Amino acid sequence: MNVAVRAAVRKALHHNMEVYGVFHGFAGLIQGEISPLDTNSVADIIHRGGTILRTARSEEFKTAAGRHKALRQLARWGIEGLLVIGGDGSFRGARELAASGITTIGVPATIDNDLYGSDYTIGFDTAVNTAIEAINKIRDTAASHERTYVVEVMGRRSGQIALWAGLAGGAESILIPEIEFDLERVCERIVRGFKGGKLHSIIVVAEGAARGEEIGFYIQEHTGLETRVTVLGHIQRGGSPTAFDRVLSSQMAAYAVDLLREGKTGLGVVIQEGRLRTMGLEEILSGKKALDVDLYQLADILAM
Ligand code: F6P
């Protein structure tokens with residue numbers, strides 16, 4: 001997100017626009033936590049995870065009274081256009097602001113990569129790489145001890161991180177909310193693998209599919225094999241962004257600034273087949289991203 005903030009600020013300054021940062025998301029907007037941003041305010045953040053603008057969940061913004069306060073702050077500060085960087089909650093807020101007449105553009109940023117319309121969202125690649133790094137390390141100890149490991153990754157409603165990390169990490173099975181799974185089959189595969197000479201098994205589970213602990217318990221009970229569970233948790237939400245994420249964030253945020261300059265509103269920036277495009281916030285929010293079933297099947301075939 002920091003990379004997107006940096007790109008938005010510098011692209012806007014390049015066009016002689018005045019730039020303000022809203023701190024703590026919609027909660028801060030309601031409170032008027034707004035300050036001017038210059039080129040130095042975004043210096044030295046390109047390699048840092050998180051966001052210098054901080055963030056917060058805001059229940060108040062979901063109410064008409066809360067949004068009214070936010071609109072008053074925007075008017076008070078003379079803000080003519082707003083970039084909203086975030087996932088579906090942020091996009092819902094952006095849609096409300098656009099409907100109230102504020103020129104608003106959404107920039108998709110969520111590690112879950114679950115926003116409809118965009119092949120990738122900012123943060124996903126970094127989270128997947130963090131998960132793979134962890135799986136690589138777990139693999140070392142799994143092989144040494146000849147154990148089964150269950151690795152729980154994030155994804156409350158989405159199996160995207162699990163699918164990518166599972167495929168790239170060479171997992172034996174990937175359990176995700178989008179596809180029904182059969183734990184007996186998972187256990188059979190583990191046992192078959194060990195009998196066939198595999199030194200270990202790694203099962204990747206998305207938090208939205210099941211709790212890693214439950215899966216680990218089931219596997220140990222049904223196979224008799226020593227099983228350990230690792231929950232990666234919030235380490236997936238931090239860390240230095242990958243090159244892919246940095247380029248994507250820079251491009252998306254810069255494009256969003258161009259859209260604001262053109263007076264466009266109610267749109268989200270998306271990337272499809274490598275090209276930046278726009279899609280209505282309404283369409284993004286009402287769509288459901290389809291899982292790449294081919295990728296899932298490929299992971300299944302390669303796990304053997
Ligand atoms: O929505 C993104 C996400 O990373 C989910 O995958 C995860 O369940 C959730 O955020 C964690 O949210 P919190 O930090 O509030 O626990």
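The figures that follow rest on heavy atoms only: side chains count, while hydrogens, waters and symmetry mates do not. Atoms within each ligand, like the ligands themselves, are counted from 1 in listed order. Quick caveat: nothing in here was measured; it's all calculated off a predicted structure.
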**Student:** Do Trp164 and Leu295 have side-chain heavy atoms sitting under 4.5 Å apart?
**Tutor:**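 SC-SC contact between Trp164 and Leu295 confirmed.
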**Student:** Name the residues in contact with ligand 1, where contact means a heavy atom under 4.0 Å away: which are they?
**Tutor:**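 Arg57, Ile111, Asp112, Met154, Gly155, Arg156, Glu207, His234, Arg237.
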**Student:** Using ring pair (Phe, Tyr, Trp, His ring centres under 6.0 Å) as the criterion, list what pairs up with Phe217, not counting sequence neighbours.
**Tutor:**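 Per chain and number, Phe217 pairs via ring pair (Phe, Tyr, Trp, His ring centres under 6.0 Å) with no residue.
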**Student:** Would you sort out whether Arg185 and Glu188 count as a salt bridge (charged side-chain N to carboxylate O under 4.0 Å, His left out), showing the intermediate values?
**Tutor:** CA-CA 5 Å; Arg185 189 168 167 259; Glu188 275 163 27; over 6 Å; no
**Student:** Looking just at side-chain N and O atoms, do Arg246 and Ser240 make a donor-acceptor pair shorter than 3.5 Å?
**Tutor:**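 The answer is yes; a qualifying pair exists.
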**Student:** Is the closest basic N to carboxylate O distance between Glu96 and Arg67 below 4.0 Å?
**Tutor:**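 Arg67 and Glu96: salt-bridged.
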**Student:** Check this for me: does any side-chain nitrogen of one of Arg211 and Glu207 sit under 4.0 Å from a carboxylate oxygen of the other?
**Tutor:**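 A salt bridge is absent here (no side-chain N lies under 4.0 Å from a carboxylate O).
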